[in-house]
Amino acid sequence: MNRLTLPPVPALLLSMMSIQAGAAFAKTLFPVLGAAGTTAMRVALAAGVLVVLLRPRLRALTASQWRAVVPYGLALGLMNLCFYASLVHLPLGLAVTLEFVGPLVLSLVLSRRALDFVWVALAGVGIALIMPHGATGGEPLHMGGVALALLAGALWALYIVAGVR
């Protein structure tokens with residue numbers, strides 16, 4: 001089977017556009033389903049697509065494999081739930097920016113090169129510059145939304161670590 005492969009930068013850009021478009025669409029479902037219902041629908045739809053496309057033999061998984069898969073799935077589901085719940089209180093761009101703190105801190109913790117610290121610092125400066133300047137449309141920053149977005153970021157970091165297993 002021939003697989004379509006993209007160079008890293010276009011693949012990354014396509015991935016980011018897909019994630020952000022999905023989040024923007026998901027936010028329109030909140031009045032009907034709420035953040036938890038939207039999360040459940042998104043995760044169930046993704047699981048259904050994966051089962052149809054990949055046809056995993058779940059009964060063949062060993063106990064060790066289940067110990068790797070379950071935390072991975074929980075991190076993914078809880079990350080989405082926290083992120084969508086943050087969108088109830090924050091604009092999409094701000095929530096995404098705050099969520100990015102999780103992988104950013106993880107990259108800092110796992111880094112071994114001095115240049116990596118420079119890039120992480122620059123990303124941190126960008127986050128700091130976005131925060132106070134009208135990111136909420138002139139309304140006070142909702143600290144519960146901020147906490148949920150940061151928790152989603154921490155779960156994203158856990159998702160990355162669990163994905164390695």
Side-chain angles (χ1 to χ4, degrees), residues 1 3-6 8-112 116 119-120 123-124 127 142-165:
M1 172 173 142
R3 298 180 85 184
L4 174 66
T5 57
L6 292 173
V9 172
L12 183 63
L13 292 173
L14 185 61
S15 174
M16 285 188 282
M17 288 186 332
S18 171
I19 290 168
Q20 298 314 313
F25 174 72
K27 192 168 181 173
T28 66
L29 299 175
F30 288 1
V32 176
L33 301 175
T38 302
T39 301
M41 188 177 85
R42 182 173 180 166
V43 170
L45 180 63
V49 167
L50 287 174
V51 165
V52 168
L53 292 178
L54 301 178
R55 296 191 178 139
R57 294 187 304 178
L58 299 177
R59 291 185 178 147
L61 292 179
T62 66
S64 175
Q65 290 170 319
W66 278 111
R67 283 192 296 276
V69 168
V70 169
Y72 185 68
L74 285 172
L76 175 64
L78 291 172
M79 173 187 70
N80 278 287
L81 179 60
C82 290
F83 178 71
Y84 285 164
S86 77
L87 291 179
V88 172
H89 307 290
L90 300 174
L92 178 60
L94 179 58
V96 168
T97 301
L98 291 171
E99 184 186 32
F100 187 68
V101 169
L104 189 63
V105 168
L106 179 63
S107 68
L108 190 60
V109 168
L110 298 176
S111 178
R112 290 183 177 82
D116 293 341
W119 289 116
V120 168
I127 291 170
H142 190 283
M143 296 315 291
V146 169
L148 285 165
L150 291 172
L151 180 56
L155 289 162
W156 189 1
L158 178 61
Y159 167 80
I160 292 167
V161 171
V164 171
R165 293 183 68 208

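Residue numbers run from 1 in the order of the sequence given.
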Chemist: May I ask you to decide if A11's main-chain N or O and S15's side chain share a donor-acceptor pair within less than 3.5 Å?
Modeler: no
Chemist: CE/M79 to OH/Y84 distance, rounded to the nearest 0.5 angstrom?
Modeler: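 If I round to the nearest 0.5 Å, the distance is 9.0 Å.
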Chemist: Return yes if some donor-acceptor pair links the side-chain N/O of S18 with the main-chain N/O of L14 below 3.5 Å, else return no.
Modeler: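 Absent.
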Chemist: Taking the side chain as every heavy atom from C-beta outward, state whether F100 and V96 have any pair of such atoms under 4.5 Å apart.
Modeler: no
Chemist: I'd like to know if the side chain of S86 reaches the main chain of F83, judged simply by a donor and an acceptor atom lying under 3.5 Å from each other, with no hydrogens or angles considered.
Modeler: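 Checking the backbone N and O of F83 against the side chain of S86, a donor-acceptor pair under 3.5 Å is found.
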Chemist: What closest approach, in Å, do P71 and R67 show between heavy atoms, and which atom pair accounts for it?
Modeler: CD-O, 3.0 Å
Chemist: Closest heavy-atom contact between L108 and V120?
Modeler: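 L108 and V120 have their closest heavy atoms at CD1-CG1, 3.9 Å.
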Chemist: How far apart are the closest heavy atoms of L61 and W66, and which atoms are they?
Modeler: CB-NE1, 3.4 Å
Chemist: List the atom of L106, the atom of A157, and the distance in Å for their closest heavy-atom pair.
Modeler: CD2-O, 3.7 Å
Chemist: To the closest 0.5 Å, what do you measure between CG (L81) and CG (L151)?
Modeler: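 L81 atom CG to L151 atom CG measures 9.0 Å (nearest 0.5 Å).
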Chemist: Does any non-hydrogen side-chain atom of M16 lie less than 4.5 Å from one of I19?
Modeler: no
Chemist: Please work out whether the ring planes of Y159 and Y72 are parallel, tilted or perpendicular, with thresholds of 30° and 60°.
Modeler: parallel
Chemist: State the CG-NE2 distance between L94 and H89, to the nearest 0.5 angstrom.
Modeler: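 The distance works out to 12.5 Å.
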Chemist: Where is the tightest heavy-atom contact between L150 and L98, given as atom of each residue plus distance?
Modeler: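 So the minimum-distance heavy-atom pair works out to CD2-O, 3.6 Å.
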Chemist: Are any non-hydrogen side-chain atoms of W156 and L104 less than 4.5 angstrom apart?
Modeler: no
Chemist: Please report the interatomic distance CG(L12) to CG(L6), rounded to the nearest 0.5 Å.
Modeler: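 The CG atom of L12 sits 11.0 Å away from the CG atom of L6.
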Chemist: Check K27 against L90 and note the closest heavy-atom contact, atom names and distance.
Modeler: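 Shortest heavy-atom contact: NZ-O, 3.3 Å.
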Chemist: Test T38 against M41 for side chain to side chain contact (heavy atoms under 4.5 Å, CB included), laying out the working first.
Modeler: CA-CA 5 Å; T38 302; M41 188 177 85; 5.6 Å; no
Chemist: In the structure I gave you, are the side-chain heavy atoms of C82 and L155 within less than 4.5 Å of one another anywhere?
Modeler: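 A side-chain contact under 4.5 Å exists here.
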